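Take a look at the structure below.
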Amino acid sequence: MLNNIATLSEVKIGNQIDILSEAKYVFDTEVNAINLVKNSLDERFIKIVELISRCKGKVIVTGMGKPGHVSRKIAATLSSLGTSSFFIHPAEAQHGDLGMISSNDIVIAISYSGESEEITRILPNIKLIGATIIGISGNQYSTLVRYSDFSFVFPKFMEACSMNLAPTSSTTVEMVLGDALAVCLAKMYGFQENNYALYHPAGSLGKKLLIKVSDIAHTGEKNAVAVVGTKLKDAIIEMSTKAIGILNVVNEENELIGVFTDGDLRRTFTGEVNVYELTIDDVLVKTPISINSDMLAVDALKLMKDKNISALPIIQNGKLIGTVRVNDIIGVGIFV
């Protein structure tokens, strides 16, 4: 039966085309559309950015079909860069979701034709609610533009579709225009890396800017600690039990006196030692490198890599509180 199944190369699907030439045509057509829109940016775009920057409410983005997918992305990008925004589906808006809109909001409605029925139906109600409408369209004589308080109309360009019908170039320029809005607004707000990290705690940058060594430290019973005067054999047991590669040696006030690492242990046993007579004081490394509890994990990782060490004791108010290792930091997704 398998012999009767044709391979993909044996099946003729429609017309034979020069695939690479067709693909490059799509790129060229959409790049040309982007450049046309870029060159058409003027006072209209400036007014829209300034209007959104002064918005006392939310920014709602809406669109139907392919522009609807683009609208979701624009709303997400605005939000991630500091402009409180969300997407509303125009069809759902006709069945109660208009209640999400208030008079101090701004609604960005995207329709290349400007005549999408689901969009034009909700425009009068948005007007009655009192929200400001920003229309983005390719048709300056459209219903959307007529209802809009502010509008941006694209210059004429070709869709990359061979029939000049399917939304291709138009959705690309809508996406880029939305990115331009979000980025300009972020710069106006003074949006910085720490702000971005606040909204992206699970992302790599968020982790680098938010996670401190105290957040991932081995503390309490998980930390390897010995008091000065402890017999070396007992210190080795503590070190082996906790298995974090380093033993912190403290005095009675829990102040760090020194450390003893796996490497120190191996070097100790290259000679003849009596673990029953020696104390940890005889072999510890005094004045070790330590870090403060509020140090960012990424900075601790850089320090450990620079010093070629795998673990560091953590100090808070002069007292030992824990240990952090290179593997702990890399394990939460932080790299340098």
Side-chain angles (χ1 to χ4, degrees), residues 29-52 55 58-78 83 85-94 97-98 101 105-161 163-185:
T29 304
E30 296 199 12
V31 167
N32 179 64
I34 290 174
N35 284 328
L36 286 172
V37 175
K38 181 184 75 172
N39 293 332
S40 74
L41 294 177
D42 53 20
E43 290 295 323
R44 297 171 300 167
F45 183 79
I46 295 174
K47 287 180 180 179
I48 290 171
V49 173
E50 291 177 341
L51 178 68
I52 296 174
C55 179
K58 306 171 296 296
V59 176
I60 296 111
V61 191
T62 188
M64 190 67 195
K66 305 300 186 297
H69 299 309
V70 173
S71 297
R72 287 182 186 273
K73 192 273 181 186
I74 291 174
T77 302
L78 284 166
T83 300
S85 178
F86 65 87
F87 169 78
I88 187 171
H89 195 290
E92 296 293 340
Q94 298 175 54
D97 281 3
L98 281 171
I101 303 173
D105 294 338
I106 291 175
V107 177
I108 301 176
I110 304 175
S111 170
Y112 187 62
S113 69
E115 299 295 344
S116 297
E117 185 177 358
E118 294 84 357
I119 296 291
T120 58
R121 279 184 177 178
I122 62 175
L123 294 176
N125 295 74
I126 296 174
K127 279 286 190 184
L128 289 173
I129 291 169
T132 300
I133 300 174
I134 297 174
I136 297 177
S137 176
N139 180 4
Q140 64 179 335
Y141 304 109
S142 64
T143 301
L144 172 58
V145 172
R146 289 201 308 272
Y147 265 94
S148 296
D149 299 290
F150 299 86
S151 63
F152 185 90
V153 179
F154 294 121
K156 295 299 180 183
F157 49 73
M158 294 287 291
E159 297 283 13
C161 162
M163 299 174 290
N164 193 32
L165 294 174
T168 44
S169 300
S170 57
T171 48
T172 297
V173 297
E174 288 162 4
M175 185 86 75
V176 176
L177 187 73
D179 287 343
L181 283 173
V183 171
C184 289
L185 287 163

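Quick caveat, the model's predicted, so the values are computed rather than measured.
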Scanning both residues in full, the closest heavy-atom pair of Q140 with V145 reads O-CG1, 3.5 Å
How many angstroms lie between atom CD1 of I106 and atom OG of S85, to the nearest 0.5 angstrom?
10.0 Å
Distance, nearest 0.5 Å, that separates CG of N32 from CG of L36:
4.5 Å
Taking all atoms of both residues into account, what is the closest heavy-atom pair of Y147 and P124, and its distance?
OH-CG, 3.5 Å
Measure the spacing between CZ of R146 and OH of Y141 and express it to the nearest 0.5 Å.
12.0 Å
Please list all pairs passing the salt bridge (Lys or Arg N to Asp or Glu O under 4.0 Å) test where one or both residues lie in residues 105-114, with sequence neighbours left out.
K58-D105
Indicate yes or no: does R121 engage E117 in a salt bridge with an N to O separation below 4.0 Å.
yes
Side-chain donor-acceptor contact under 3.5 Å, E115 with T120:
no
Heavy-atom pair with the smallest gap, counting every atom of I101 and I129
O-CG2, 3.6 Å
Using every non-hydrogen atom in the two residues, find where I34 and V173 come nearest and quote the distance to one decimal.
N-CG1, 3.8 Å
Main chain of D97, side chain of E92: is a donor-acceptor contact present, judged purely on distance under 3.5 Å?
no
For a 4.5 angstrom cut-off between non-hydrogen side-chain atoms, does S151 reach I134?
no
Heavy atoms from other residues, nucleotides or ligands near NZ of K66 exceed 12 (cutoff 6.0 Å)
no
Any side-chain heavy atom of E174 sitting closer than 4.5 Å to one from P67?
yes
From M175 CE over to I110 CD1, what is the distance, rounded to the nearest 0.5 angstrom?
9.5 Å
Looking at T168 and C161, what are the two nearest heavy atoms and their distance?
OG1-N, 3.3 Å
Smallest separation among heavy atoms of F152 and L177, with atom names
CD2-CD2, 3.9 Å
Compute the centroid of each ring, for Y112 and then for F157, and state whether the two points are separated by less than 6.0 Å.
yes
